[in-house]
Q: 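First, the structure itself, so that you have it in front of you.
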Amino acid sequence: MTFADKTAAQMQELIHTEKTTIAEVTKQAFDRIEALEPKVDAFLAMNKEQAMQQAEEMDKVPLAERGPLFGLPIGVKDNIVTEGLETTASSRILEGFNPIYNATVVEKLKAAGMITVGKLNMDEFAMGSSNENSYYKKTKNPWNLETVPGGSSGGSAAAVAAGEVPFTLGSDTGGSIRQPASFCGVVGMKPTYGRVSRFGLIAFASSLDQIGPVTRTVKDNALLLQAISGHDERDSTSADIEVPNFAEALTGDIQGLRIGVPKEYFAEGVSEAAKQAVRDALQVLEEKGATWEEISLPHSKYALATYYLLASSEASSNLSRFDGIRYGYRTQKAGNLLEFYMNTRSEGFGDEVKRRIMLGTYALSSGYYEAYYKKAQKVRTLIKQDFDKAFENYDVIIGPTTPTPAFKIGEIIDDPLTMYANDILTIPVNLAGVPAISVPCGFENGLPLGLQIIGKYFDEETVYRVADVFEQATDFHKKTPQTWEGAAQ
Amino acid sequence: MAKMTKEEVIEVAHLARLAITDEEAVHFADQLEAITNAMELLNELDTENVEPTTHVLEMVNVLREDKSVPGLDRELVLKNVKEHEAGQVKVPTILE
């Protein structure tokens, strides 16, 4: 029996009826990871010994005390700190770093009874759209090993797509959960800014970063978001707002739902197949009782420039903490303290990180602050207002997640602007702070395409309801990639 | 948009505490120039009367009682320090 194609509910059923145990599920996850990692390269540090021990303990817990995710395996993106388990954000500068505390989300996973099996590869400090910026390895797309899994949460999406683990956590600053979820044919949610605590998330751009779940089905995604959501006094930007029951929102009923479809999301650069997949999806939702109209988010074309100025500025400040003094990589070549800082950072950071630190430093420097940073903050207001206006008349906004399916490894790594354009349809959502999900909605040349469903502030319930109706009416989520068959079991 | 020079890149790199070679500076100058040129697109927009957004949610100042609480255990704090001695972090010479 394989667990790779099972939902949380199906696995609980097997455990509760004693057809399997938590220890067996955990062991199988590691067996499958070990069989597939030579091809997929999604994982960094592994937590095998502790996870197996934890699993055996958990098998002793009475059934009545177990929640829907109890005893199930999960992988965690490597920019989320895990006590005693190496956390590098895929950067050389954090090589060997062993956190002395857990991120709030990791504590919450523990409270839900989930078992952390390991850490997932990513673009260094979450800067990138292909996982090619990791210092350690290049994760491959399980659908075609010559293509990228997307990024920056590429490991998180690839591990779920390959069936290595049913659940992972990613983080999304400009599309870093949704774009890889789209490329790998899985479900990825960026919650409303403030829904999930960022305490223990290694900061990239603090006003944009948000942790979110990656899964194979919408229901499982809702269960995982439930487990990690909520106000946290250790993150002053986490929202003190009630967390609804997301799984209960999956009623299957979207009668009367009003969908806005931004014409800007069907612009030049978006592939014909991606456009057609969204049109087909709209028809499915129409048949289920929704209506849709074309709308305009007129400032969409300014989002990319706004994002790179703001995110890089915030990053240049956030990443100034990496100096080699208290933790992480230390240069061996330094005569004095200034040289120590400069050499440590130059040897420790990769090119894309350096590029963004310099762009941010430049945008914040005297003489350029008003022209770049402040200008971008003002345009951010206009982009946010586009969404506010649209949501006066529509319940959700729908479009493609990415302009194209996954591209080949090495194809655009030397062209930063083309790489940045990957996130053109996901970035506006982060700037506005609203929630959005990517669900599988089609294929182009054998590679998955994603449907992006954007909701109102703190209305993840409607987003999940629509995503679930679409998933139930289609079978894209049941398709499995080529690596699937190659695994043990 | 003014051209981004090698010297400007070296200056910015120094502010950011990054050591870069002349060759890298030339390479980064080209790339940063292309990127900042793309950012010029924002100048199309009149934002004279637009308020800047720093955070999307209404933020309130979070205060707590001014009460002392125990800090982290020293051994834990030093766990990731590469070189330390007698409970203190070792760094290269600060004063010449």
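Residue numbers begin at 1 in each chain, while the letters A, B, ... track the order of the sequences. Note that this is a predicted model, so its numbers are computed, not measured.
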Q: B:Leu57 versus chain A, heavy atoms under 4.5 Å apart: side chain, backbone, both or neither?
A: side chain
Q: Rounded to the nearest 0.5 Å, how far apart are OG1 of B:Thr93 and CD of A:Glu339?
A: 10.5 Å
Q: If I measure from the heavy atoms of chain A, does B:Glu51 come under 4.5 Å with its side chain, its backbone, both, or neither?
A: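 Looking at B:Glu51, just its backbone touches chain A.
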Q: Between the main-chain N or O of A:Phe97 and the side-chain N or O of B:Asn80, is there a donor-acceptor pair closer than 3.5 Å?
A: no
Q: Report yes if some heavy atom in the side chain of B:Glu40 is under 4.5 Å from a heavy atom in the side chain of A:Tyr372; otherwise report no.
A: yes
Q: Using the side chain to side chain contact (heavy atoms under 4.5 Å, CB included) rule, take A:Lys378 and B:Leu42 through it: C-alpha gap first, then chi angles, then the decisive distance, then the call.
A: CA-CA 10 Å; A:Lys378 288 179 165 195; B:Leu42 301 189; over 6 Å; no
Q: What part of A:Asp388 gets closer than 4.5 Å to chain B, counting heavy atoms only: side chain, backbone, both or neither?
A: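 For A:Asp388, neither part sits under 4.5 Å from chain B.
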Q: Indicate yes or no for a side-chain donor-acceptor contact from A:Arg345 to the backbone of B:Ala16 under 3.5 Å, with no hydrogens or angles considered.
A: yes
Q: Do A:Arg380 and B:Thr54 pass the side chain to side chain contact (heavy atoms under 4.5 Å, CB included) test, and can you show the C-alpha distance, the side-chain angles, and the key distance before you say yes or no?
A: CA-CA 9 Å; A:Arg380 183 176 187 181; B:Thr54 49; over 6 Å; no
Q: Taking every non-hydrogen pair under 4.5 Å, which of A:Leu208, A:Leu431, A:Leu359 racks up the most with chain B?
A: A:Leu359
Q: How about CZ on A:Arg321, more than 12 heavy atoms from neighbouring residues, nucleotides or ligands closer than 6.0 Å, or not?
A: yes
Q: Among A:His299, A:Glu233, A:Lys374, A:Gln377, who wins on heavy-atom pairs under 4.5 Å with chain B?
A: A:Gln377
Q: Between CD of B:Gln31 and CG of A:Asp415, what distance do you get to the nearest 0.5 Å?
A: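 Taking CD in B:Gln31 and CG in A:Asp415, the distance rounds to 8.5 Å.
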Q: Applying ring-ring contact (aromatic ring centres under 6.0 Å, His included), can you list everything that pairs with B:His55, at least two apart in sequence or on another chain?
A: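 Partners of B:His55 by the ring-ring contact (aromatic ring centres under 6.0 Å, His included) criterion, ordered by chain and then number, come out as A:Tyr193.
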Q: Relative to chain A, which segment of B:Val12 carries a heavy atom at a distance below 4.5 Å: side chain, backbone, both, or neither?
A: both
Q: At a heavy-atom separation under 4.5 Å, does B:Leu18 approach chain A through its side chain, its backbone, both, or neither?
A: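 For B:Leu18, backbone and side chain are both near chain A.
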Q: How close do B:Ala38 and A:Ala305 get, heavy atom to heavy atom, and via which atoms?
A: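 Here B:Ala38 and A:Ala305 meet closest at O-CB, 4.1 Å.
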Q: Can any side-chain N or O of A:Lys354 pair as donor or acceptor with the backbone N or O of B:Ile20 at less than 3.5 Å?
A: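 No: the side chain of A:Lys354 does not pair with the backbone of B:Ile20.
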Q: Any chance the side chains of A:Tyr362 and B:Glu11 put a donor and an acceptor closer than 3.5 Å?
A: no
Q: Examine distances only and state if a side-chain atom of A:Thr381 and a backbone atom of B:Thr53 form a donor-acceptor pair shorter than 3.5 Å.
A: yes
Q: Carefully, step by step, assess B:Glu44 and A:Lys301 under the rule salt bridge (charged side-chain N to carboxylate O under 4.0 Å, His left out).
A: CA-CA 11 Å; B:Glu44 280 179 26; A:Lys301 73 164 176 172; 3.4 Å; yes
Q: Which heavy atom of B:Pro92 sits nearest to which heavy atom of A:Gly335, and what is that distance?
A: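 That would be CB-O, 4.5 Å.
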Q: Within a 6.0 Å radius of atom CD on B:Glu85, are there more than 12 heavy atoms belonging to other residues, nucleotides or ligands?
A: no
Q: Under 4.5 Å heavy-atom distance to chain B, tell me which part of A:Ser207 shows up: side chain, backbone, both or neither.
A: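 When you check distances to chain B, atoms from both the backbone and side chain of A:Ser207 fall under 4.5 Å.
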Q: Nearest 0.5 angstrom please: A:Ser236 OG to B:Asn61 CG, how far?
A: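 Spacing of OG (A:Ser236) from CG (B:Asn61) equals 8.5 Å.
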Q: For B:Asn43, which atoms come within 4.5 Å of any heavy atom of chain A: side chain, backbone, both, or neither?
A: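 The answer is both parts of B:Asn43.
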Q: Looking at A:Asn343, A:Ile325, A:Val434, which makes the most heavy-atom pairs under 4.5 Å with chain B?
A: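 Result: the option with the highest number of such pairs is A:Ile325.
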Q: May I ask you to name which of A:Gly348, A:Ala432, A:Ala239 has the most heavy-atom pairs under 4.5 Å with chain B?
A: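 Heavy-atom pair counts peak at A:Ala432.
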Q: Looking only at heavy atoms and a cut-off of under 4.5 Å, which of A:Ile357, A:Leu417, A:Asn98 has the most pairs with chain B?
A: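 Result: the option with the highest number of such pairs is A:Asn98.
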Q: Select one option (side chain, backbone, both, neither) describing which atoms of B:His84 are under 4.5 Å from chain A's heavy atoms.
A: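 The answer is neither part of B:His84.
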Q: Search all heavy atoms of A:Gly433 against all heavy atoms of B:Val56 and return the closest pair with its distance.
A: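 What the structure gives for the nearest pair is CA-CG2, 3.9 Å.
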Q: Answer with side chain, backbone, both or neither: which region of B:Glu75 has an atom nearer than 4.5 Å to a non-hydrogen atom of chain A?
A: neither
Q: At their closest point, which heavy atom of B:Leu45 faces which heavy atom of A:Lys375, and how far apart are they?
A: O-NZ, 2.7 Å
Q: Between A:Leu338 and B:His14, does the side chain to side chain contact (heavy atoms under 4.5 Å, CB included) criterion hold? Intermediate values first, please.
A: CA-CA 10 Å; A:Leu338 183 63; B:His14 184 79; 4.0 Å; yes
Q: If you count heavy-atom pairs under 4.5 Å with chain A, which of B:Val77, B:Val60, B:Val91 comes out on top?
A: B:Val91
Q: Between chain B and each of A:Gln385, A:Arg326, A:Arg355, count heavy-atom pairs under 4.5 Å; write down the option with the most.
A: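 Going by pairs under 4.5 Å, I would pick A:Arg355.
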Q: Among B:Lys82, B:Lys90, B:Arg64, which residue forms the greatest number of heavy-atom pairs with chain A at distances under 4.5 Å?
A: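 Between B:Lys82, B:Lys90, B:Arg64, the count favours B:Lys82.
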Q: With only heavy atoms counted, which part of B:Glu8 is less than 4.5 Å from chain A, the side chain, the backbone, both or neither?
A: side chain
Q: Select, from B:Val89, B:Val62, B:Ile35, B:Leu78, the one with the greatest count of heavy-atom pairs under 4.5 Å involving chain A.
A: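 Answer, by heavy-atom pair count under 4.5 Å with chain A: B:Ile35.
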Q: Report which part of A:Tyr307 has an atom under 4.5 Å of a heavy atom belonging to chain B: side chain, backbone, both, or neither.
A: neither
Q: Please look at A:Thr306 and chain B and tell me whether the side chain, the backbone, both or neither of the residue comes under 4.5 angstrom of a heavy atom of that chain.
A: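 The answer is both parts of A:Thr306.
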Q: For the pair B:Leu72 and A:Tyr101, evaluate side chain to side chain contact (heavy atoms under 4.5 Å, CB included) and give the outcome as yes or no after the intermediate values.
A: CA-CA 10 Å; B:Leu72 289 168; A:Tyr101 62 88; over 6 Å; no
Q: Quick one: pull up NZ in B:Lys79 and CD1 in A:Ile100 and give me the separation to the nearest 0.5 Å.
A: 7.5 Å
Q: Check this for me, if you would: do B:Glu83 and A:Arg330 make a salt bridge, where the nitrogen-to-carboxylate-oxygen distance has to be below 4.0 angstrom?
A: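 So B:Glu83 pairs with A:Arg330 through a salt bridge.
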